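Notes to accompany the following structure.
The shown structure was predicted, so the numbers you read here are calculated from the model rather than taken from an experiment.
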Amino acid sequence: MKVYNIILSGGVGSRLWPLSRKQHPKQFLKLFSGKSLFELTAERNQEVVDQIMVVGNTDHIEWSKMLLQDISLPKTFITETVARNTTAAIAFAALAVDADDVLIVTPSDHLIQNQDAYEKAIREAIELAKKDFLVTFGVVPSKPETGYGYIEYQGKDVLSFREKPNTETAQEFLERGTFLWNSGMFCFKAGVLLEELKVYQSELLDKCKAVWQISVDQCLNAEASEKVPSISIDYAVMERSKKIKVVPAHFRWNDLGSFESLYDYLRSTGHPVDKNGNMVIGTEIFTAFVGLSNSILVHTPDAILILQKEKSQDVKKIYNQLEKYQSILR
């Protein structure tokens, strides 16, 4: 039995545009003491796994190989020529290993602090996975966050999964103390995951097997991949399976999915803000904010974004509007 860290690297980080682009997404931005989130992901898992496997799209795989050069663990790479969401990505990883191998599935764009607490949670999850449970990691919330999904729990049992709440509901979840942030991290045996896919997503599993059989050098066949249903692992399996357990995690966690979360991180590391809480990212040009507070100016060579910190979830709307102008997104 081997323990694999499956690093999912298919997203573009649209809520961090214009910093994050299709060909240089947020997980590869060296914003964190000279390192990227992708590098930090591999580094924090190297003490608890035997091997690293990256599942990423064609644009990302070369980035991944370059950034993992200093990691001494064995590494394999699965290239997705067509994005088909997290269920397919994880299914391909499960098909690539032995049934008894344990997969620790982690996105490549999370910021996690407190390594000791992280490793404790991972080892706890591995022991549950060995008993044929599908394990999800729930982060103990520190504030009424509306940008995350929630897990209602008791002990290690999952009572329900909840969608991203409004502010009032998020405050209620925090006060009740029986809810965790849904981290999007998982741990299970490859074979157990495939068995559950056979029960709940048999068509998807069959199509993934068909893709895998005709793929060459772990580069997935594009034409066959188009036929694979696109669905997240939460909807496909985790919210339906009877084998779910949750590990309440006490490490500091942030998916850095928005400028508000990036602002909070940068401010905590000493990035300058003015007396009204305004921040500049990406330029040394003198910038003054008049009559504004808690605003962010983001500067890149071909785009400038100005936003209220609290409206950072709306950046995705701008990204979607700009999709027809491909050059400014790449």
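- A pairwise comparison of heavy atoms in I52 and A42 identifies CD1-CB, 4.0 Å as the closest pair.
- A single hydrophobic cluster is seen to contain both F161 and I90, as judged by linkage of ILVMFWY side chains at heavy-atom distances under 4.5 Å, directly or through other members.
- In terms of hydrophobic clustering, with Ile, Leu, Val, Met, Phe, Trp and Tyr side chains grouped at heavy-atom distances under 4.5 Å, V48 and L111 are assigned to different clusters.
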Does the side chain to side chain contact (heavy atoms under 4.5 Å, CB included) test come out yes or no for F28 and S108, once each step is laid out?
-> CA-CA 9 Å; F28 300 134; S108 58; 5.9 Å; no
Carefully, step by step, assess L204 and V228 under the rule side chain to side chain contact (heavy atoms under 4.5 Å, CB included).
-> CA-CA 6 Å; L204 182 146; V228 177; 4.2 Å; yes
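- Atom CG of residue D264 and atom CG of residue L266 lie 9.0 Å apart, to the nearest 0.5 angstrom.
- For E124, the side-chain contact (heavy atoms from CB on, under 4.5 Å) partners two or more places apart in sequence, or in a different chain, are K120, K156, V247.
- For Q27 and S9, the side-chain atoms include at least one donor-acceptor pair closer than 3.5 Å.
- One finds no salt bridge joining E195 and K198 here, because no Lys/Arg side-chain nitrogen approaches an Asp/Glu carboxylate oxygen to under 4.0 Å.
- More than 12 heavy atoms of other residues, nucleotides or ligands shown are found within 6.0 angstrom of NZ on K30.
- With sequence neighbours left out, the side-chain contact (heavy atoms from CB on, under 4.5 Å) criterion links S261 to N254, L256, S258.
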Audit row: E145, Y150, side chain to side chain contact (heavy atoms under 4.5 Å, CB included) steps and yes/no = CA-CA 10 Å; E145 175 62 58; Y150 283 73; 3.9 Å; yes
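- A continuous path of Ile, Leu, Val, Met, Phe, Trp and Tyr side chains, each step under 4.5 Å between heavy atoms, connects I304 with F289, placing both in one hydrophobic cluster.
- Using a 4.5 Å cut-off on side-chain heavy atoms (C-beta onward), V237 and L197 make contact.
- By the 4.5 Å heavy-atom criterion applied to side chains, V55 and E80 are counted as neighbours.
- Listed here is the closest heavy atom pair of Q308 and L292: OE1-CD2, 4.4 Å.
- One distance of note links CG of L16 with CG of L305; it measures 10.0 Å at 0.5 Å rounding.
- Linking Ile, Leu, Val, Met, Phe, Trp and Tyr whenever their side-chain heavy atoms come within less than 4.5 Å leaves I151 and L128 in two separate clusters.
- Taking A96 as the reference, M53, I78, W212, Q218 meet the side-chain contact (heavy atoms from CB on, under 4.5 Å) condition, with sequence neighbours excluded.
- A heavy-atom distance below 4.5 Å is found between the side chains of I122 and F137.
- We find the CG-OH distance between N45 and Y4 to be 15.0 Å, quoted to the nearest 0.5 Å.
- Classification of R123 and E119 as a salt-bridged pair holds, one side-chain N sitting under 4.0 Å from a carboxylate O.
- Contact check for F32 versus L40: side-chain heavy atoms found under the 4.5 Å cut-off.
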Between side-chain atoms of residues 61-70 and protein atoms elsewhere (two or more places apart, or another chain), which donor-acceptor pairs fall under 3.5 Å?
unit_1 : atom_1 : unit_2 : atom_2 : d
W63    : NE1    : Q23    : O      : 3.1
S64    : OG     : H60    : O      : 3.0

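- With a 4.5 Å cut-off on side-chain heavy atoms, D234 and F186 count as touching.
- Looking only at side-chain heavy atoms (C-beta outward), L180 and V140 come within less than 4.5 Å of each other.
- Atom OG of S312 is separated from atom CG of N294 by 11.5 Å, given to the nearest 0.5 angstrom.
- Under the 4.5 Å side-chain contact rule for hydrophobic residues, L307 and Y263 share a cluster.
- With sequence neighbours excluded, no residue forms a salt bridge (Lys or Arg N to Asp or Glu O under 4.0 Å) with K316.
- Atom CZ of R240 has more than 12 neighbouring heavy atoms from other residues, nucleotides or ligands inside a 6.0 Å radius.
- Cation-pi check for R162 over F179 is not met; the charged atom does not lie both under 6.0 angstrom from the ring centroid and within 45 degrees of its normal.
- Ion pair K189/D101 not flagged as a salt bridge, since none of the NZ, NE, NH1 or NH2 atoms sits closer than 4.0 Å to an Asp/Glu carboxylate oxygen.
- Within a 6.0 Å sphere centred on CD of E310, heavy atoms belonging to other residues, nucleotides or ligands number more than 12.
- Scanning both residues, M185 and I112, for their nearest heavy atoms gives SD-CD1, 4.0 Å.
- Pairs of residues two or more places apart, or lying in two chains, that qualify as salt bridge (Lys or Arg N to Asp or Glu O under 4.0 Å) and include a residue from residues 201-215 are E203-K207.
- The CD1 atom of I104 lies 10.5 Å from the CZ atom of F188; values are rounded to the nearest 0.5 Å.
- Atom CD of E39 and atom OG of S33 lie 11.5 Å apart (nearest 0.5 Å).
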Run the side chain to side chain contact (heavy atoms under 4.5 Å, CB included) check on Q51 and T76 step by step: do they pass?
-> CA-CA 8 Å; Q51 191 160 332; T76 55; 3.4 Å; yes
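- The shortest distance between side-chain heavy atoms of I244 and V246 does not fall below 4.5 Å.
- Between V135 and A129 the shortest heavy-atom distance is CG2-N, 4.1 Å.
- Across all their heavy atoms, E196 and K242 have their closest contact at OE1-N, 4.2 Å.
- With a 4.5 Å cut-off on side-chain heavy atoms, N221 and T81 do not count as touching.
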